[in-house]
Amino acid sequence: MSIFKKPSQLNPKYAISALIYGTPGAGKTTLACSAPGAVLLDYDNGVTRIHGAHQVPTLQVKSWDETQAALDEIEASPEIQSVVVDT
C-alpha cells in the first residue's frame, strides 16, 4: 500500500507562514514575537536586542541537537502556537 494519498484524502493543517525581511534593527524579531503563543529559536543572539516587554521564551541555539530537542518540545507542547526562527 502506498504512503501517498490523494488530495481529497488529506487532512491539512491550516497555519500561517511568513518571512519577514528588512534591515537590522527594523523590528522584525519583535514583530514575529508578537504572534500568539510564540517561542524564539535564537541563532544569532538577537534576543538581547528585543525590549524586555516583547520577549518570549527563548532558546539560544548552538547545535543541531539543540534544534532537534526544541522541535520535539514544540511538537509536544500545545501552548506553543508560533515558532520564531531568528538567524
Side-chain angles (χ1 to χ4, degrees):
M1 183 161 95
S2 177
I3 62 171
F4 294 95
K5 297 179 181 181
K6 295 179 183 178
S8 62
Q9 297 172 312
L10 299 176
N11 294 320
K13 294 182 180 178
Y14 295 98
I16 297 173
S17 298
L19 172 67
I20 303 170
Y21 177 82
T23 58
K28 302 176 296 293
T29 305
T30 301
L31 173 64
C33 287
S34 71
V39 294
L40 172 62
L41 300 181
D42 183 15
Y43 289 87
D44 70 349
N45 204 28
V47 71
T48 60
R49 296 185 296 274
I50 300 174
H51 186 275
H54 303 290
Q55 291 180 356
V56 297
T58 301
L59 173 64
Q60 291 182 297
V61 183
K62 295 175 182 55
S63 70
W64 175 251
D65 289 337
E66 287 183 345
T67 300
Q68 187 61 56
L71 294 175
D72 291 342
E73 184 173 335
I74 289 164
E75 188 173 12
S77 301
E79 66 275 3
I80 298 174
Q81 300 174 30
S82 306
V83 179
V84 178
V85 180
D86 194 356
T87 57

Take atom [atom1] of [X] as the centre, draw a 6.0 Å sphere, and report whether it contains more than 12 heavy atoms from other residues, nucleotides or ligands.
X	atom1	value
Q68	CD	yes
K5	NZ	no
Q81	CD	yes

Test your reading of the model: is there a side-chain donor-acceptor pair from [X] to the backbone of [Y], 3.5 Å cut-off?
X	Y	result
S82	P36	yes
S63	E66	yes
K28	L19	no

If you group Ile, Leu, Val, Met, Phe, Trp and Tyr by side-chain heavy-atom gaps below 4.5 Å, do V61 and I50 land in one group?
-> no
Do T58 and D42 have side-chain N/O donor and acceptor atoms under 3.5 Å apart?
-> no
Nearest heavy-atom neighbours spanning A38 and P57 | O-CD, 3.7 Å
Looking only at heavy atoms, which two atoms of T87 and Y43 are closest? And how far apart?
-> O-CB, 3.3 Å
Please report the C-alpha distance between V83 and L41 in whole Å, then the side-chain angles of each, then the deciding distance to 0.1 Å, and finally whether the side-chain contact (heavy atoms from CB on, under 4.5 Å) criterion is met.
-> CA-CA 7 Å; V83 179; L41 300 181; 4.1 Å; yes
Would you say L40 and D86 make side-chain contact, with heavy atoms under 4.5 Å?
-> yes
Would you say the side chain of V47 lies within less than 4.5 Å of the side chain of Q60, judging by non-hydrogen atoms?
-> yes
Test side-chain contact (heavy atoms from CB on, under 4.5 Å) on V56 and V84 and set out the steps.
-> CA-CA 10 Å; V56 297; V84 178; 5.8 Å; no
Run the salt bridge (charged side-chain N to carboxylate O under 4.0 Å, His left out) check on D44 and R49 step by step: do they pass?
-> CA-CA 11 Å; D44 70 349; R49 296 185 296 274; 3.7 Å; yes
